[in-house]
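Hydrogens, waters and symmetry mates play no part in the numbers below; they use all other heavy atoms, side chains included. Because the structure is predicted, anything quoted here is derived from the model rather than measured.
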Amino acid sequence: MYMPLTTYDSSLPGAETELTLGEAEAKQFDIGDSTYFSPLTKASAMFNLQPADTGAHAPPSARPGYRNLATVIRLSSAADISPYALANILAVYAKVDDVYTKAFLRIVIFTTGGNLKGPLDLPEETIEYLSTIKWVKLIVLTDGVRFTRIDPAYRAEKTPPLIHTTAFPDELVHRQLQPGPYLATLDPLGSRLTLSPLYKLQTDQYRTFVSGLIPSTAERGGYKVLGRLSQAFGDPLIPIPSRLYTMYSGLPLAGLRFAVKDIYDVKSVKTSAGSRAYTDLYPAPNSTAPAIQRLLDLFASGAGTHDATLEVQYPFSPRADGWQSCAGSSSGSACAIAAYGWLDFTVGTDTSGSVRLPAAVAGVYGMRPTIGGMSLEGVLPLAPAFDTLGVLARDPQLWTRVSREWYGYSRRAKPSPEAFPKTLIYPTNYMPHGSSEARQLKEDFIGALQDRYRMEHRRVDVQSAITEAGMDVNGLNTAFDDIVAWSQWNSVGRDLVTRYASLHDGRSPPLDTARRAQFAAWSKNATEERHNAGLQSMERFRDWFNTDFMSAEADGEDIDDRFCGAIYVYDIGTGGQPAYREQGLNDGPLFSDPLNNTLHQSRTSAYAGCAEVTLPIGQAPFLSKISGKVEYLPVSISLMMKAGCE
């Protein structure tokens, strides 16, 4: 059954138009150019109404059984109830939240959240102010908020909004009801008002998401796939909650939104790993990965899962000509945070560059933490010896804030200046790299960084250093491959291939080109013996790299190395050169393949178990083979540091 929803603000998009609501269990409707969704089966609050004696009569639309837009306003003190203060509160709501608009002031609900000792008296001037907002038709005062009786002379002159008082059936709900926009439903008797949460549906035009998620009503702490698509091109519609729902919680990540790579378990939602075959073969998890649950407990709001791509089409980059790669298996995480302002950060994984490389080409901040810094439970394993969890963001301060809270750095003492790196290591095997414009940007950045922290500049031939330490570069590369091959084949590949074959007459599962070739080779060549030998090589390299190679030097003498010694600087990205998603358009290696037979640059921090961050520092021009115009691509720099020094 469809029911009209009407707004009355002539200055708002869609004013004086009927907005069609969908099926009984969930409502989707438009306000101007924006589309909203509400799962009516999930109630944020229900409370009983008692008409207040104001002399006002219910407007025609305020009838039993109707649904309309509502805004909850939480009052924290008597200072919030004046017309001026109320106008400021609403202005803040509109500024910080891209879900809320003035259209949601059709019904205004005042609450204190049960946090004040005495009641607040809503003055006549505030009611008069709300009366001037002509689309306000109903005011609800909850426990803790009273109204001052309206003067009869004013009542004769104007018709104020209908005012109801209410008592919450559940005190806990009263305390938990958050400010923000809701869809309100009045029951058939006209005595109970139900508020349902709202989501604004954002179009994923770059195809970075596998699905958009909303909380499930069937399982506590679970989620479900929304599964709605845009009418134009069938792009996923991603539900984003109001920031106001969590903004005033007082928790570290309140009001933030994030999305996760689809190899993290989210309760009740199938972990897809970018593969239809994988999704079909495995059940939905019965718990959320602890790393993701930690973000939710810090009051960030999840929006959906990103494509990790074993088979599903790779996402599109928003950069330059729209035909660039976002690289790596966390490409969905990088493309999404680069493209969408309604996301604050994304979460990926980095085994051998899958956060750092996508961050570099997308022009965002990305981090690989020290190995072992966070639980990998509930995360699809690729190579546990190298697997880490990483954060990507556009804003460096927010990126730092999220990283500190998520990894637990905020609970550690801040380092003193003596702990900062004393030496800047410049690897001549990897640098300089890229276009002339990109090289200049990087050299300028390196010079400024070196001057700012008064670091000694050390130019190093990495291959020679490895050889002098008694290790073989080719052997290290082979050992890395052996560790990854055995780990991936035994943690994911073997069971996936076996299950699929048993259900499909011996057929192999459909996978992308790289994974198909890898699984075929690993099924024959990956052995536990080679894996264990690789781990021994890794431990030797890890000890040497963190203890000797990354030590600080000045004038040929070792500096006190109790802390972080040196910082290693290079470019994991393309050096400002295009990396088209269409392979035939690319000229040679995309991501600075190692020179002089050196250990591959994206593997170094993984092999060493140390931390690395990727920072966007500018952009460089190139002539696009797609647009035929000069376009600009991000230029990044990567900073590697000893384990534990991030």
Side-chain angles (χ1 to χ4, degrees), residues 96 243 252-260 295 298 300 317-319 326-328 330 333-350 353-370 373-374 388-412 414-415 417 419-421 424 438 441-453 455 564 567-574 576 605 610-620 632-641 645-646:
V96 302
R243 296 185 186 278
L253 303 185
L256 299 183
R257 303 190 190 110
F258 73 102
V260 304
L295 289 174
L298 291 168
S317 171
R319 301 304 185 197
C326 267
S330 297
S333 301
C335 284
I337 196 60
Y340 303 132
W342 40 267
L343 275 178
D344 297 301
F345 65 96
T346 58
V347 176
T349 59
D350 190 306
S354 293
V355 164
R356 294 164 287 142
L357 183 50
V361 297
V364 298
Y365 296 86
M367 178 176 180
R368 174 193 172 87
T370 297
M374 185 175 290
T388 59
L389 314 182
V391 175
L392 301 97
R394 292 180 305 275
D395 182 279
Q397 292 183 328
L398 185 144
W399 176 60
T400 302
R401 171 183 158 200
V402 171
S403 297
R404 285 177 58 82
E405 295 296 338
W406 195 36
Y407 297 125
Y409 301 148
S410 61
R411 297 188 294 276
R412 304 179 192 175
K414 291 185 177 181
F420 293 160
L424 186 145
L441 283 169
K442 288 182 284 187
E443 294 302 321
D444 290 347
F445 176 87
I446 290 169
L449 179 68
Q450 192 173 293
D451 292 344
R452 172 66 177 81
Y453 292 101
M455 291 185 283
C564 291
I567 195 166
Y568 179 115
V569 57
Y570 76 108
D571 177 9
I572 195 174
T574 64
S605 59
C610 61
E612 184 178 323
V613 297
T614 298
L615 314 174
I617 60 172
Q619 57 183 0
Y632 289 84
L633 281 172
V635 176
S636 67
I637 203 79
S638 292
L639 307 179
M640 195 185 311
M641 59 220 74
C645 285
E646 57 267 52

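- Counting heavy atoms from C-beta on, the side chains of Leu449 and Val569 never come closer than 4.5 Å.
- In this structure, the side chain of Thr388 engages the main chain of Asp350 through a donor-acceptor pair within 3.5 Å.
- Here Pro252 pairs with Leu298, Glu405 under the side chain to side chain contact (heavy atoms under 4.5 Å, CB included) rule; sequence neighbours left out.
- Across all non-hydrogen atoms, the minimal contact from Ala362 to Ala338 is O-CB, 3.8 Å.
- Sorted by first and then second residue, the salt bridge (charged side-chain N to carboxylate O under 4.0 Å, His left out) pairs with a member in residues 388-398 form an empty list; sequence neighbours excluded.
- Nearest heavy atom pair, residue Ala359 against residue Ala334, reads N-CB, 4.2 Å.
- For Thr349, the side chain to side chain contact (heavy atoms under 4.5 Å, CB included) criterion is met by Lys261, Ile263, Tyr264, Ser330, Val379, Leu389, not counting sequence neighbours.
- The side chain to side chain contact (heavy atoms under 4.5 Å, CB included) search around Ser605 returns Arg356, Arg368, Cys610, Glu612, Met640, not counting sequence neighbours.
- When all heavy atoms of Val391 and Tyr407 are compared, the closest pair comes out as N-OH, 3.7 Å.
- Closest heavy-atom contact between Gly390 and Val355: CA-CG2, 4.0 Å.
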- Message: Determine whether Val635 and Phe445 satisfy the following criterion, side-chain contact (heavy atoms from CB on, under 4.5 Å), listing intermediate values before the conclusion.
- Response: CA-CA 11 Å; Val635 176; Phe445 176 87; over 6 Å; no
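- Leu398 and Ala393 get closest at one heavy-atom pair: CD2-CB, 4.3 Å.
- Partner of Trp399 under the side-chain contact (heavy atoms from CB on, under 4.5 Å) criterion, chosen from Val364, Leu615, Ile337: Leu615.
- Looking at residues two or more places apart in sequence or on another chain, you find a side chain to side chain contact (heavy atoms under 4.5 Å, CB included) between Arg243 and Asp97, Asp98, Met247, Arg257, Asp344.
- Residues Ala336 and Thr346 share a closest heavy-atom pair of CB-CG2, 4.5 Å.
- Under the side chain to side chain donor-acceptor pair (under 3.5 Å) criterion, Tyr365 pairs with no residue, sequence neighbours left out.
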